[in-house]
Amino acid sequence: WQLLCWALSALGLWLAGDARAACSAPIRMAMQSWAPYIYPNDKGQAAGGDVEIMQAIFREAGCTLSVIPQVPGKRNMAMLQAGELDMIPGASDLPERHAFAWFSAAYRSETNSLFCLAPKGQKYQDIAGFAALLERKISLLSPAQGWYGDDHAAYIDRLKLAKLNSSFEGIPQGLVMLSRGRGELLVADR
């Protein structure tokens, strides 16, 4: 996971003495619902670890962060590509995105895991990868966007073809889907 590096580029320009070029307009991003990294607080404002990092960098650089309402993940990426957004925190560094985005070095680590409802935990203790889900016909809930490792990438299309995968836009939606039996397991950051 890596932060699209507009914010770090802005800081670099400021340190080089050209803060006006780096911050001639607010830096735009869309709200996301991916706690604890970014989520709307009880006032609807962006909160979370990624937001705190961006605000600290922007404060040092004399820049302003402008957060627009949340849009679906694919639209978020299309808006970045079209120049309607300036950054997406926590976006996966995928080769196809290098045509329109820069990435910073990773600024935090994530460990992705499979989650289930507590009463069913014993049933899944021996799951060692996504191949087992396909073999045992276990349904999976996956985020609609992002990179969840080589094993996930190798099996996600097969799980979709077998009608064993449903996607969600944010963790709250994924948890509701899990609680309502839309999937047996959910993949997310531990």
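For reference, positions follow the sequence shown, starting with 1.
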Practice item. Test side chain to side chain contact (heavy atoms under 4.5 Å, CB included) on M77 and L85 and set out the steps. Key: CA-CA 9 Å; M77 196 59 63; L85 293 177; over 6 Å; no

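- Annotation for S66 and P26: closest pair CB-CB, 3.8 Å, computed over non-hydrogen atoms.
- With rounding to the nearest 0.5 Å, the separation of CG in L141 from CG in L185 is 8.5 Å.
- Atoms OG and CG, from S139 and L159 in turn, are 9.5 Å apart once rounded to the nearest 0.5 Å.
- Between atom CG of residue L94 and atom CZ of residue F103 there is a gap of 6.5 Å, rounded to the nearest 0.5 Å.
- The residues R75 and E84 are annotated as salt-bridged, a charged nitrogen and a carboxylate oxygen being separated by less than 4.0 angstrom.
- Residues L114 and L164 fall within the same hydrophobic cluster, defined by Ile, Leu, Val, Met, Phe, Trp and Tyr side chains chained together at heavy-atom separations under 4.5 Å.
- Summarising the local packing, CZ of R182 is surrounded by 12 or fewer heavy atoms from other residues, nucleotides or ligands at distances under 6.0 Å.
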Check your understanding: Q55 and E52: side-chain hydrogen bond (donor to acceptor under 3.5 Å, both in side chains), yes or no, with the steps?
Key -> CA-CA 5 Å; Q55 288 172 336; E52 291 172 18; over 6 Å; no

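- A donor-acceptor pair is defined here as one N or O able to donate and one able to accept, closer than 3.5 Å; no such pair exists between the side chain of D50 and the backbone of I38.
- The CG atom of L161 lies 8.5 Å from the NZ atom of K163; values are rounded to the nearest 0.5 Å.
- In this structure, the side chains of I53 and Y107 come closer than 4.5 Å at one or more pairs of heavy atoms.
- In summary, the side chains of H98 and D93 do present a donor paired with an acceptor at a separation below 3.5 Å, with no hydrogens or angles considered.
- Across G44 and M31, no two heavy atoms sit closer than the pair O-CE, 3.5 Å.
- Side-chain contact check for F58 versus I27: some heavy-atom pair is nearer than 4.5 Å.
- Side chains of H152 and S142 form a contact here, defined as non-hydrogen atoms less than 4.5 Å apart.
- Between R190 and E110 there is no salt bridge, since no side-chain N of the basic residue sits under 4.0 Å from a carboxylate O of the acidic one.
- Residues M177 and Y39 are members of separate hydrophobic clusters, defined by side-chain heavy-atom contacts under 4.5 angstrom among Ile, Leu, Val, Met, Phe, Trp and Tyr.
- Closest approach of G90 to R108, counting heavy atoms only: CA-NH2, 3.8 Å.
- Listed here is the closest heavy atom pair of L80 and A101: CD2-CB, 4.2 Å.
- C116 SG to E184 CD: the interatomic distance, rounded to the nearest 0.5 Å, is 9.5 Å.
- Residues V67 and A46 share a closest heavy-atom pair of CG2-CB, 4.0 Å.
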Exercise for review: Determine, stepwise, if the pair L175 / R180 fulfils side chain to side chain contact (heavy atoms under 4.5 Å, CB included).
Suggested key: CA-CA 9 Å; L175 292 173; R180 293 186 179 163; over 6 Å; no

Practice item. Tell me, with the steps shown, if F130 and I156 meet side chain to side chain contact (heavy atoms under 4.5 Å, CB included). Key: CA-CA 8 Å; F130 294 98; I156 193 64; over 6 Å; no

**Study point:** Derivation of the side chain to side chain contact (heavy atoms under 4.5 Å, CB included) call for V71 and M79
**Key:** CA-CA 9 Å; V71 296; M79 289 173 73; 4.0 Å; yes

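- The aromatic rings of F168 and W34 sit parallel to each other, their planes meeting at less than 30°, with 60° as the upper class boundary.
- A 4.5 Å side-chain heavy-atom check between R28 and M87 finds every atom pair outside the cut-off.
- Within the 3.5 Å criterion, the main-chain N or O of E169 finds a donor-acceptor partner in the side chain of Q173.
- Within the 3.5 Å criterion, the main-chain N or O of S92 finds a donor-acceptor partner in the side chain of R97.
- Following chains of ILVMFWY side-chain contacts shorter than 4.5 Å, one cannot reach I171 starting from V176, and the two form parts of different hydrophobic clusters.
- Minimum heavy-atom separation, A144 to S167: CA-CB, 3.9 Å.
- Atom CG of residue D86 and atom SG of residue C63 lie 10.5 Å apart, to the nearest 0.5 angstrom.
- N165 places a side-chain N or O within 3.5 Å of a backbone atom of L140 that can act as its donor or acceptor partner.
- The shortest distance between side-chain heavy atoms of P143 and V187 falls below 4.5 Å.
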